Chemist: 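Structure incoming, see below.
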Amino acid sequence: EFYRQRMDRAKEYRKYSNQAQQLSKLNVTALYGKELRGSVSRFERFSACPFSFFIQYGLKAKERKVLEIDTPDIGWLLHAILDAFSRRLLELGESYRRITKERCAQIVEELIADMTGKMFIANLYSQKKLDVLLKRLKQTVMKSVWVICEHIRRGEFEPCAYEVSFDENGEMPPVTIALPAGEKITLAGRIDRIDRYQNGAQLYLRVVDYKSGQKEFRLSDVFYRLSLQLAVYLTVAC
């Protein structure tokens with residue numbers, strides 16, 4: 001009997017093809033509901049790899065968390081300080097076009113000191129390691145801020161809005177797409193910056209999304225739905 005069971009299992013294994021079958025409509029509805037809600041990056045993930053989308057947003061699988069203390073994410077800090085810098089300019093009544101490099105450095109130092117002072121990282125590192133981290137952050141932020149100033153100074157667009165959210169409770173409504181079967185897709189997100197240029201009766205808009213790494217914009221990526229962020233953000237702004 002023992003060998004018979006093993007033989008039966010071996011026969012079953014021969015039929016196994018390791019090919020994922022298409023989910024039934026009932027299972028899809030149970031996993032995602034009739035109304036899909038998400039961000040642009042979520043649907044970019046689906047376009048790049050539907051199976052990855054299923055694992056992350058259907059099964060909600062996550063990496064096992066390991067308790068560890070790591071260096072703060074410079075990209076996140078950079079994004080937060082750039083937003084704070086824009087708001088500080090509005091509060092002070094200063095302009096990207098007229099501000100000097102020395103004044104930029106002064107505001108950046110104040111923002112970094114204020115932000116890191118409210119974080120717990122000061123208690124985790126030695127003073128020397130913290131000084132190195134803050135020096136690196138200051139150099140990165142200052143370089144980014146000055147590039148933004150030069151970019152605005154050399155063009156005719158003017159920043160008009162920062163950190164604009166589009167969702168049910170945001171400054172702008174979400175993007176809603178009706179599907180043929182009656183379901184809906186709702187996209188929500190946040191636009192880092194919106195610029196405007198008025199030429200007579202014609203208004204032009206530009207959306208800006210801050211990235212800490214190298215990111216190219218290719219129309220082919222938009223066509224294949226691999227990079228939808230700027231296209232969707234511009235649609236929202238319009």
Side-chain angles (χ1 to χ4, degrees), residues 20 22-23 27-66 70-87 115 137 140-141 144-145 147-148 151 159-181 183-195 205-238:
Q22 187 169 354
L23 295 176
N27 286 337
V28 170
T29 304
L31 281 172
Y32 306 110
K34 289 189 175 182
E35 184 172 342
L36 290 174
R37 295 176 179 271
S39 62
V40 175
S41 59
R42 177 176 295 197
F43 290 98
E44 287 175 347
R45 169 66 64 87
F46 179 83
S47 298
C49 179
F51 183 72
S52 174
F53 181 93
F54 166 68
I55 292 295
Q56 183 171 353
Y57 300 110
L59 300 183
K60 294 182 172 58
K62 297 180 180 179
E63 290 186 28
R64 181 176 296 177
K65 292 185 178 180
V66 178
D70 201 358
T71 303
D73 182 5
I74 294 296
W76 178 86
L77 286 172
L78 173 62
H79 191 285
I81 294 171
L82 286 178
D83 176 53
F85 183 88
S86 302
R87 296 181 186 278
M115 186 166 293
L137 180 62
T140 304
V141 173
S144 301
V145 165
V147 166
I148 293 172
H151 185 237
C160 63
Y162 305 96
E163 290 289 308
V164 181
S165 61
F166 57 97
D167 56 40
E168 283 82 357
N169 301 312
E171 294 102 312
M172 295 183 178
V175 176
T176 303
I177 303 168
L179 300 179
E183 295 90 350
K184 288 194 304 182
I185 294 177
T186 302
L187 293 174
R190 187 180 297 272
I191 306 171
D192 288 344
R193 198 180 88 214
I194 301 176
D195 300 346
L205 294 177
R206 175 173 68 189
V207 293
V208 177
D209 188 73
Y210 299 131
K211 299 292 186 187
S212 57
Q214 295 290 332
K215 176 70 174 179
E216 293 184 11
F217 179 79
R218 292 190 292 263
L219 286 175
S220 59
D221 288 343
V222 178
F223 179 80
Y224 290 112
R225 303 181 297 279
L226 299 175
S227 182
L228 296 172
Q229 194 174 44
L230 292 179
V232 172
Y233 286 4
L234 190 58
T235 301
V236 171
C238 289

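Keep in mind that this is a model prediction, so the values were computed, not measured.
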Chemist: Run the side-chain contact (heavy atoms from CB on, under 4.5 Å) check on Val141 and Phe85 step by step: do they pass?
Modeler: CA-CA 10 Å; Val141 173; Phe85 183 88; over 6 Å; no
Chemist: Go through the steps to decide whether Glu163 and Arg190 satisfy the test side-chain contact (heavy atoms from CB on, under 4.5 Å), and finish with yes or no.
Modeler: CA-CA 6 Å; Glu163 290 289 308; Arg190 187 180 297 272; 2.7 Å; yes
Chemist: Please round to the nearest 0.5 Å and tell me the distance separating atom OG of Ser39 and atom CG of Asp167.
Modeler: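 Ser39 OG to Asp167 CG: 11.5 Å, rounded to 0.5 Å.
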Chemist: Mind running side-chain contact (heavy atoms from CB on, under 4.5 Å) on Arg193 and Ile148 for me, showing each step along the way?
Modeler: CA-CA 11 Å; Arg193 198 180 88 214; Ile148 293 172; 3.5 Å; yes
Chemist: If you count heavy atoms of other groups shown closer than 6.0 angstrom to OH of Tyr162, is the number above 12?
Modeler: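 It does: Tyr162 OH has more than 12 such atoms within range.
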Chemist: Once salt bridge (Lys or Arg N to Asp or Glu O under 4.0 Å) is applied, what residue pairs with a partner in residues 226-238 remain, sequence neighbours excluded?
Modeler: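 Salt bridge (Lys or Arg N to Asp or Glu O under 4.0 Å) check on residues 226-238 returns no pairs.
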Chemist: Using a 4.5 Å cut-off on heavy atoms from C-beta on, say whether the side chain of Val175 contacts that of Thr235.
Modeler: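 The answer is no, as the side chains (C-beta and beyond) never meet within the 4.5 Å cut-off.
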Chemist: Search all heavy atoms of Ser165 against all heavy atoms of Gly170 and return the closest pair with its distance.
Modeler: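 Looking at all heavy atoms of both residues, the closest pair is OG-CA, 3.3 Å.
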Chemist: Just verifying a value: how many Å separate Ile191 CD1 and Leu230 CG, rounded to the nearest 0.5 Å?
Modeler: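 One gets 10.0 Å once the value is rounded to the nearest 0.5 Å.
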Chemist: Could you report the tightest heavy-atom contact between Ser144 and Leu78, atom names first, then the distance?
Modeler: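 Shortest heavy-atom contact: OG-CD1, 3.8 Å.
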Chemist: Hey, does the side chain of Asp221 reach the backbone of Leu226 with a donor-acceptor pair shorter than 3.5 angstrom?
Modeler: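 Between the backbone of Leu226 and the side chain of Asp221 there is no qualifying donor-acceptor contact (under 3.5 Å).
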Chemist: Side chains of residues 47-62: which donor-acceptor pairs under 3.5 Å do they make with residues two or more places apart or in other chains?
Modeler:
unit_1: Ser47; atom_1: OG; unit_2: Phe43; atom_2: O; d: 3.2
unit_1: Ser47; atom_1: OG; unit_2: Arg225; atom_2: O; d: 3.1
unit_1: Ser52; atom_1: OG; unit_2: Arg45; atom_2: NH1; d: 3.0
unit_1: Gln56; atom_1: OE1; unit_2: Arg45; atom_2: NH1; d: 2.4
unit_1: Lys60; atom_1: NZ; unit_2: Tyr57; atom_2: O; d: 3.4

Chemist: What is the minimum heavy-atom distance between Val236 and Met172, and which atoms define it?
Modeler: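 Closest pair (atom of Val236, atom of Met172, distance): CG1-SD, 3.5 Å.
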Chemist: For the residue pair Glu35 / Thr186, report whether a side-chain donor-acceptor contact shorter than 3.5 Å exists.
Modeler: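 There is such a pair between these side chains.
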Chemist: How would you list, by chain and number, every residue that makes a side-chain contact (heavy atoms from CB on, under 4.5 Å) with Phe223, sequence neighbours excluded?
Modeler: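 side-chain contact (heavy atoms from CB on, under 4.5 Å) check on Phe223 returns nothing, list empty.
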Chemist: Checking side-chain contact (heavy atoms from CB on, under 4.5 Å) for the pair Leu23/Leu31: CA distance, chi angles, key distance, verdict?
Modeler: CA-CA 10 Å; Leu23 295 176; Leu31 281 172; 3.9 Å; yes
Chemist: Are the side chains of Thr29 and Lys34 in touch, meaning some heavy atoms are under 4.5 Å apart?
Modeler: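 Yes. Closest side-chain heavy atoms under 4.5 Å.
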Chemist: Work out which heavy atom in Val207 is nearest to a heavy atom in Ala237; give both atom names and the distance.
Modeler: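 That would be CG1-CB, 4.0 Å.
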Chemist: Taking the side chain as every heavy atom from C-beta outward, state whether Met115 and Ile81 have any atom pair closer than 4.5 Å.
Modeler: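 Yes, at least one pair of side-chain atoms sits under 4.5 Å.
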Chemist: I need the Ser227 OG to Glu44 CD distance, nearest 0.5 Å.
Modeler: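 These two atoms lie 5.5 Å from each other.
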Chemist: Considering all heavy atoms of both residues, which atom of Pro159 and which atom of Asp195 are nearest to each other, and what is their separation?
Modeler: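 Closest pair (atom of Pro159, atom of Asp195, distance): CA-OD1, 3.2 Å.
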Chemist: To the closest 0.5 Å, what do you measure between CG (Leu187) and CG (Leu36)?
Modeler: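 Result: 9.5 Å between the selected atoms.
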Chemist: Set out, in order, the CA-CA distance, both residues' side-chain angles and the distance that settles salt bridge (charged side-chain N to carboxylate O under 4.0 Å, His left out) for Glu168 and Arg37, then state yes or no.
Modeler: CA-CA 11 Å; Glu168 283 82 357; Arg37 295 176 179 271; 2.2 Å; yes
Chemist: Between Asp192 and Tyr210, which heavy-atom pair has the shortest distance, and what is it?
Modeler: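 Closest heavy-atom pair between Asp192 and Tyr210: OD2-N, 2.8 Å.
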Chemist: For the residue pair Phe217 and Val222, establish whether any side-chain heavy-atom pair is separated by less than 4.5 Å.
Modeler: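 Result yes, sub-4.5 Å side-chain heavy-atom pair found.
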